[in-house]
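Report on the structure given below.
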Amino acid sequence: MSNGKVATNPANRDLETLRHSASHIMADAVKRLFPQAKLAIGPAIEEGFYYDFDVPAPFLPEDLKKIEDEMAKIIKSNTKFERTEISRSDALKMFKDEPYKTELISELPAGEQISIYKHGNFVDLCRGPHIASTGQVKAYKLLTATGAYWRGSEKNKMLQRIYGTAFESKQQLDDHIKHIEEVKKRDHRLLGKELDLYSIQYEDAGPGLVFWHPKGAMIRKLIEDFWRAEHLKHGYEFIYSPHIARLGLWKTSGHWDFYRENMYSPIDIDEQEYILKPMNCPGHILVYKSRGRSYRDLPLRWAELGTVYRYERSGVLAGLFRVRGFTQDDAHLFCRPDQLRDEIIGVINFGTAIFKAFGFSDFKIVISTRPKEKYVGTIENWDRATEALKAGVEQVGLPYEIAEGEAVFYGPKADIHIKDSLGRAWQCFTLQVDFNLPERFDIVYTSQEGKQERPIMLHRALMGSLERFFAILIEHYGGAFPLWLAPVQAVVLPVLETQHKYAVEVLETLKKSGIRAEADLRNERLSNRIRFATNQKVPYMIVVGDKEETDKTIAVRERVKGDLGAMKIEEFITKLATDYTDFKY
RNA sequence: GCUAGCCUAGCUCAAUGGUAGAGCUCCGCUUUCGUAAAGCGGAGGUUGUGGGUUCGAAUCCCAUGGCUAGCUCCA
């Protein structure tokens, strides 16, 4: 049940061992309370542990409490963990009433030493290691109970999984629970509603389809403006392509054969079948093919904020993270083989620069290689592309990992994982080399020698899906967007109705200098409106009363720092310009 | 898709077989108030939808739509 991963440092290994032992203790408790339960697997995982059981009825929240209490007894008894090495036949005999264990044993490679771990009367097939005795588990908590398929396949029986976590100290456990609560508070589905950023009209429009409300749309516009400006600086051109195209295009591209499960049924138009695009690449290739291309034209870098539609199974949809219609910040680069490396370096540098602008600085690159099945193109081309990616990534100087066989069907890729303010890793950026589509569409350029040569195509997205990236940003910032992304940067708050005229004057001045400002003229007490603006995470509140009106000043309050005192409007405008330090744009 | 839980006013939630309710939001009035919630009143629901059981259903049953969590980080 140990996951067999090589722990990178002893502290992690200790924690893994502790959690793994906690999962044994939990299984023991379950067996005591539900003797008919059959054991499946129970590994330590990143944030804790789980154990899968085959039980007649799903666990209820009350059951978790009972199991926790039973675990307390086992821990209190401080029973030793004992390892025994046994033969395969003894193991099969010992676990003859445990069908899942039996299956695991029979699948262990010949010659593998089989071991069991025992504490008290509880015995489990296990590679180990374990802590010395149950009493060493000082801080643990069971979190949730859910269904989980045996070995993750829906063809298999559904088992009942209990998730729990364990730490070396109560303090660490409490911190972890606090962290879980913090993640919940920052949930983009919650903040999206509170800040009126977006909605998904599940019943009226359909699940997985996003409506961007004015505030959210403003943020998207700001992201898009920034994106376009940066692309121009990096030598890209923009194109727009239609949302539907003839089925034949998708047959040529191979998507109809390899990606159909994610595509929607054809639409009948004048007795011709059209497909709602799940990807932008075939369209971009048509633009390439619209005229002859010279070696001098390359590289071509074409970007599009392309909206695509993909079928996702109902059960995997989740807020803005997983939707059925979304906009990719897509680009396709067409280059000569001698330009491939530089283009890869350029794209990776570009990507990391963009992420830094959004406050991300922790990156990990993963290069995915050819899948064993379901791929197109020659192995030789795959190898060439993979080598170019590795060379490119090395050139940039970021550490990388290789994920064998994890690439999509048309080419190897390099993904960047970014870490957010809550320490969670997200993959947004992807760079995929494609030797396949150029072949399928037979795209060429004329070389210096007048020969027809095949260009190499790169697909890339920096943020990936705007919807998903937006969700990540909402949670990363906890809804408190930096000044350059805040949909409303300042709210003007007159103390009394008598200052409304001056408040509107101030508002107009701010607007004229390009600040996204609003005025809250409601007949509410100042403190009420301050509370509202603070909850809406507006960066600056501009309070104007008699004093300010007389002095022709404004009293500035920052959303976190509080009252900054009175200043001239011009002073405030200058201050905002320097406050764009998060990202100057 | 599957398993479990859930769906009551725009939002967050009460009401466990017997007249659907509160707070916030919204609307109106009063209040003229200086840095995180002033007061009063009003509007708003065929309880997701469609069937069924019952004298009577938000509540029980069936179907359907949707949400949430999970569905190999492998003994």
Side-chain angles (χ1 to χ4, degrees), chain A residues 1-5 16 19-20 24 39-50 52 57-61 91 95 98 100-109 112-117 124-128 143-163 184 187 189-190 193-194 196 199-208 261 311-319 493-500 522-536 541-548 555-559 562-566:
Chain A
M1 275 161 296
S2 161
N3 63 19
K5 259 182 13 191
E16 223 177 282
R19 288 169 171 176
H20 183 48
H24 272 224
L39 301 173
I41 58 166
I45 56 175
E46 209 172 285
E47 304 219 310
F49 60 87
Y50 67 80
D52 288 343
F59 295 110
L60 304 170
F95 293 102
E98 293 285 356
Y100 302 97
K101 296 294 177 194
T102 307
E103 185 177 327
L104 293 169
I105 293 165
S106 51
E107 280 175 19
L108 288 173
E112 175 102 355
Q113 177 59 58
I114 296 175
S115 59
I116 55 167
Y117 272 82
D124 199 355
L125 174 73
C126 185
R127 182 191 290 147
L143 300 169
T144 48
T146 56
Y149 294 102
W150 169 236
R151 306 202 136 179
S153 166
E154 52 202 84
K155 292 187 186 101
N156 294 334
K157 182 161 186 186
M158 182 164 279
L159 309 175
Q160 298 304 320
R161 172 173 300 177
I162 300 177
Y163 280 96
K184 252 188 216 161
D187 192 319
R189 290 168 297 191
L190 209 73
K193 202 178 276 175
E194 277 173 16
D196 197 13
S199 65
I200 299 177
Q201 311 280 330
Y202 295 100
E203 312 245 358
D204 293 328
E261 59 196 31
Y311 174 73
E312 297 285 357
R313 301 197 303 169
S314 60
V316 304
L317 297 173
L493 306 171
V495 177
L496 293 176
E497 213 173 315
T498 47
Q499 297 112 20
H500 279 194
R522 288 176 304 162
N523 179 18
E524 293 287 350
R525 279 170 166 62
L526 177 64
S527 55
N528 179 302
R529 286 172 288 147
I530 284 180
R531 179 183 149 86
F532 183 77
T534 308
N535 288 338
Q536 288 294 304
M541 284 154 262
I542 309 300
V543 176
V544 292
D546 279 337
K547 227 186 312 166
E548 287 75 18
V556 178
R557 183 188 165 101
E558 205 266 346
R559 65 182 161 192
D563 197 352
L564 302 182

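A note on names: the letters A, B, ... follow the listed sequences, proteins ahead of strands, and every chain is numbered from 1. Everything quoted here is computed from the prediction, not taken from an experiment. Because only heavy atoms are used, hydrogens play no part in the values below, and waters and symmetry mates are left out as well, while side chains stay in.
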Practice problem: Please report, rounded to the nearest Å, how far the C1' atom of G34(B) is from the CG atom of Asp563(A). | Solution: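 One finds 9 Å between C1' of G34(B) and CG of Asp563(A), rounded.
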Polar pair under 3.5 Å, donor/acceptor by atom type, side chain [X], base [N]:
{"X": "Asn523(A)", "N": "C33(B)", "value": "yes"}
{"X": "Glu203(A)", "N": "G65(B)", "value": "yes"}
{"X": "Tyr50(A)", "N": "C73(B)", "value": "no"}
{"X": "Glu548(A)", "N": "G34(B)", "value": "yes"}

Rounded distance in Å between the [atom1] positions of [N] and [M]:
{"N": "U46(B)", "M": "U8(B)", "atom1": "C1'", "result": "13 Å"}
{"N": "G39(B)", "M": "G52(B)", "atom1": "C1'", "result": "49 Å"}
{"N": "C26(B)", "M": "G50(B)", "atom1": "C1'", "result": "32 Å"}

Quiz prompt | ring-ring contact (aromatic ring centres under 6.0 Å, His included) partners for Phe532(A), two or more places apart | solution =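 Listed in chain order: nothing, the list is empty.
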Quiz item: Under the ring-ring contact (aromatic ring centres under 6.0 Å, His included) test, which residues partner Tyr50(A), sequence neighbours left out?
Solution: Tyr163(A)
With 3.5 Å as the limit, what N/O pairs link the protein to nucleotides 40-43 of chain B?
none

Practice problem: Would you indicate which nucleotide in C33(B), G1(B), U35(B) comes nearest to any side-chain atom of Val316(A)? | Solution: G1(B)
Exercise. Could you work out which one of U68(B), G70(B), A36(B) sits closest to the side chain of Tyr163(A)?
Key: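 The listed nucleotide nearest to Tyr163(A)'s side chain is G70(B).
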